There are 2 protein chains.
Amino acid sequence: MTDQNPTAATASPINGAAVNGAGTISSVIPGWFSEISPMWPGEAHSLKVEKILFQGKSDYQDVMVFQSATYGKVLVLDGVIQLTERDECAYQEMITHLPLCSIPNPKKVLVIGGGDGGVLREVARHSSVEHIDICEIDKMVVDVSKQHFPDVAVGYEDPRVTLHVGDGVAFLKAAQEGSYDAVIVDSSDPIGPAEELFKKPFFESVAKALRPGGVMCTQAESIWLHMDIIEGIVENCRHVFKGSVNYAWTTVPTYPSGVIGFMLCSTEGPEVDFKNPINPIDVQENQIKSTIPLKFYNQEIHAAAFCLPSFAKKVIESKAEK
Amino acid sequence: MTDQNPTAATASPINGAAVNGAGTISSVIPGWFSEISPMWPGEAHSLKVEKILFQGKSDYQDVMVFQSATYGKVLVLDGVIQLTERDECAYQEMITHLPLCSIPNPKKVLVIGGGDGGVLREVARHSSVEHIDICEIDKMVVDVSKQHFPDVAVGYEDPRVTLHVGDGVAFLKAAQEGSYDAVIVDSSDPIGPAEELFKKPFFESVAKALRPGGVMCTQAESIWLHMDIIEGIVENCRHVFKGSVNYAWTTVPTYPSGVIGFMLCSTEGPEVDFKNPINPIDVQENQIKSTIPLKFYNQEIHAAAFCLPSFAKKVIESKAEK
């Protein structure tokens, strides 16, 4: 797929063909949504479409929602699946509780991206949390999620949440030094609006905004597809975070290769042992009454998420040691 | 997909449309192989096809090999991907070493199915093993694998291997009681030739062929797609195996939902604690000189494989307790 424009995914939800920026035609299964991208050349996952519920173009990206035949409603940004109702629990629960269950009494949490509200829903399960900032660049994602994904966007109902619509990079630069216990970066892929969120200056801003011994968790791609990107992230984080630097992963069927990874880092200060969670989540604590119970996360799967296949362990540990 | 014939998967490797037994037309991305089946309705994974290397019809199933654009060569049986060169390591290493690293000094091992030879390649890494029987029903799978997947079928080169072409159910019924340390069931899905391998009488034959404290590992579907099938397997195994009954899972990108599970059971006798492997595999032990090193398996990922997401844990543990 090297003849394609590397800055745009190509996908079409309906019968016929889609044309990306570079004019390459990509055909799809009629009546199905096919996720085709130069980020995962030579493969595509397809979902059968029952009905398209929303299609729009924001200042930043194409936004689409469709009702699938077997995965519930699906949110798509720039042709890439962000969440389905059937498997969103795995991603949202893991990206949130891996960091928050690793530190005692998190009080102030920042979410970068995550406009669908799912990470907010998960943060809100922690009764120690007093304030949750979220900085999402694309208001259309927030509005569309509130309209079409009430069980996800329910996170916005928590009174501790403050929404800032704007650039996460700028928000973090302006943030008070040492003010957050945890920063969760729920970004899309490094091609598109989220590009800067994978670079060293961004990680430096995150580290500065965190208290000593504060934690960051960021979406960090697939060990099967993007070891090159992961290597770069690990290297950047190793330079920036003087506490601990770890990689974890989990299963999400509708993400390319069926897995997604997370980079978990802590700043210099009280030691954080991500692999042995010390702040178990009590399901009774739940602050939002309308929230569904935890479906995926538990303490065992938390610890297991840090166990890597040998091919990934070798690369990640060699970078982490440098 | 309820209008489709539930006994046949539908897939087409090339331009155009495929028609299954019931006459339903299923279109695919031109030039791509799409895996469409009533076993996972409403979704399909597609791989770009460079060249079809083999297409045949054996007495049991359709057999196809193609060169994919990004996953190496791919083996397809009845329209369902069995292995790709890029990710076969995860499945073959886990289905083999989860059982064999859990018991001391395995000497006699039986493989049911597994005609591609990949499980043999992995069993052969264990120097304690003296004899390996394999019973594969479809000789075409063996021949095609030897021709097109030399790095997988290399397992047949080990002098300890005896190939029996025939029905695994009958082979086990005739097997000497208490004669095997381990039985590995590397089957396809329960729709098609492998149907009997998921039923109670088969598990009873396995248990009978195992020594006291012997172990079985069998392919056991996806927690995301087939909790109903898994419930049945767990229930059957709980009745049959009086030692321990466990479920484990791993990531395989080209399997539906990106994960595959394993049922790990032991017979009454010396206790087997599958979650704490006691027989580490030494890469230096390798008996076949031409075999590639381990890519996926290690002791940490062994233990982690038994940690289940809450939604699966709840169902499996409730069945296991009955």
Side-chain angles (χ1 to χ4, degrees), chain A residues 1 15 26-32 34-36 40-50 68-71 86-87 89-90 93-94 222-225 249-259 293-314, chain B residues 1 26-32 34-36 40-50 68-71 84 86-87 89-90 93-94 222-225 249-259 293-314:
Chain A
M1 310 264 287
N15 293 3
S26 144
S27 298
V28 294
I29 307 176
W32 292 57
S34 290
E35 193 184 54
I36 297 173
W40 41 91
E43 66 178 313
H45 191 246
S46 304
L47 293 177
K48 195 174 184 192
V49 178
E50 295 277 309
S68 70
T70 53
Y71 275 80
R86 182 159 158 196
D87 66 1
C89 61
E93 293 182 20
M94 292 298 272
S222 159
I223 48 174
W224 286 104
L225 298 172
W249 64 280
T250 199
T251 157
V252 183
T254 56
Y255 285 171
S257 83
V259 302
L294 283 172
K295 288 181 190 169
F296 192 93
Y297 178 87
N298 56 55
Q299 282 196 68
E300 287 168 40
I301 206 113
H302 178 128
F306 294 88
C307 300
L308 304 176
S310 298
F311 72 84
K313 192 178 170 175
K314 202 172 145 186
Chain B
M1 311 264 287
S26 146
S27 298
V28 295
I29 308 176
W32 293 57
S34 289
E35 193 184 54
I36 297 173
W40 40 91
E43 68 179 311
H45 191 246
S46 303
L47 293 176
K48 195 174 182 188
V49 177
E50 296 276 307
S68 69
T70 53
Y71 275 79
T84 82
R86 183 158 157 197
D87 65 2
C89 61
E93 292 182 20
M94 292 298 273
S222 159
I223 47 173
W224 286 104
L225 298 172
W249 64 280
T250 199
T251 157
V252 182
T254 57
Y255 285 170
S257 82
V259 303
L294 283 174
K295 288 181 189 168
F296 192 93
Y297 178 87
N298 56 56
Q299 282 196 69
E300 287 168 41
I301 207 114
H302 178 127
F306 293 89
C307 301
L308 304 177
S310 298
F311 73 84
K313 191 177 168 175
K314 203 173 143 185

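Every chain is numbered from 1, with letters handed out A, B, ... down the list of sequences. If you're wondering where the values come from, they're calculated on a predicted model, not measured in any experiment.
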With side chains defined as the heavy atoms from C-beta onward, is the minimum distance between [X] and [Y] less than 4.5 Å?
X	Y	answer
B:N298	A:S310	yes
B:E43	A:H45	yes
B:W40	A:T70	no

Most chain A-contacting option - heavy-atom pairs closer than 4.5 Å, from B:T251, B:L47, B:V259: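 Ranked by contacts with chain A, first place is B:T251.
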
Winner by heavy-atom pair count (cut-off under 4.5 Å) against chain A, out of B:P309, B:A312, B:A303: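 Between B:P309, B:A312, B:A303, the count favours B:P309.
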
Residue part contacting chain B, namely of A:Y71, when any heavy atom lies under 4.5 Å: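 Just its side chain gets close to chain B.
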
A:L225 portion near chain B, given a 4.5 angstrom heavy-atom threshold: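 Contact with chain B involves both backbone and side-chain atoms of A:L225.
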
Under 4.5 Å from a heavy atom of chain A, the part of B:S68 involved: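 No part of it gets close to chain A.
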
Considering all heavy atoms, the nearest B:G42-A:A69 contact: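 Between these two residues, the closest heavy atoms are CA-CB, 4.4 Å.
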
Heavy-atom closest contact (A:I301 atom, B:L308 atom, distance):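 So the minimum-distance heavy-atom pair works out to CD1-C, 3.5 Å.
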
Inter-residue atom distance B:S257.OG - A:R86.CZ, 0.5 Å rounding: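 So the OG of B:S257 and the CZ of A:R86 are separated by 8.0 Å.
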
Aromatic plane relationship, B:W224 with A:F296 - under 30° parallel, 30 to 60° tilted, over 60° perpendicular: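 The arrangement is parallel - the two ring planes meet at less than 30°.
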
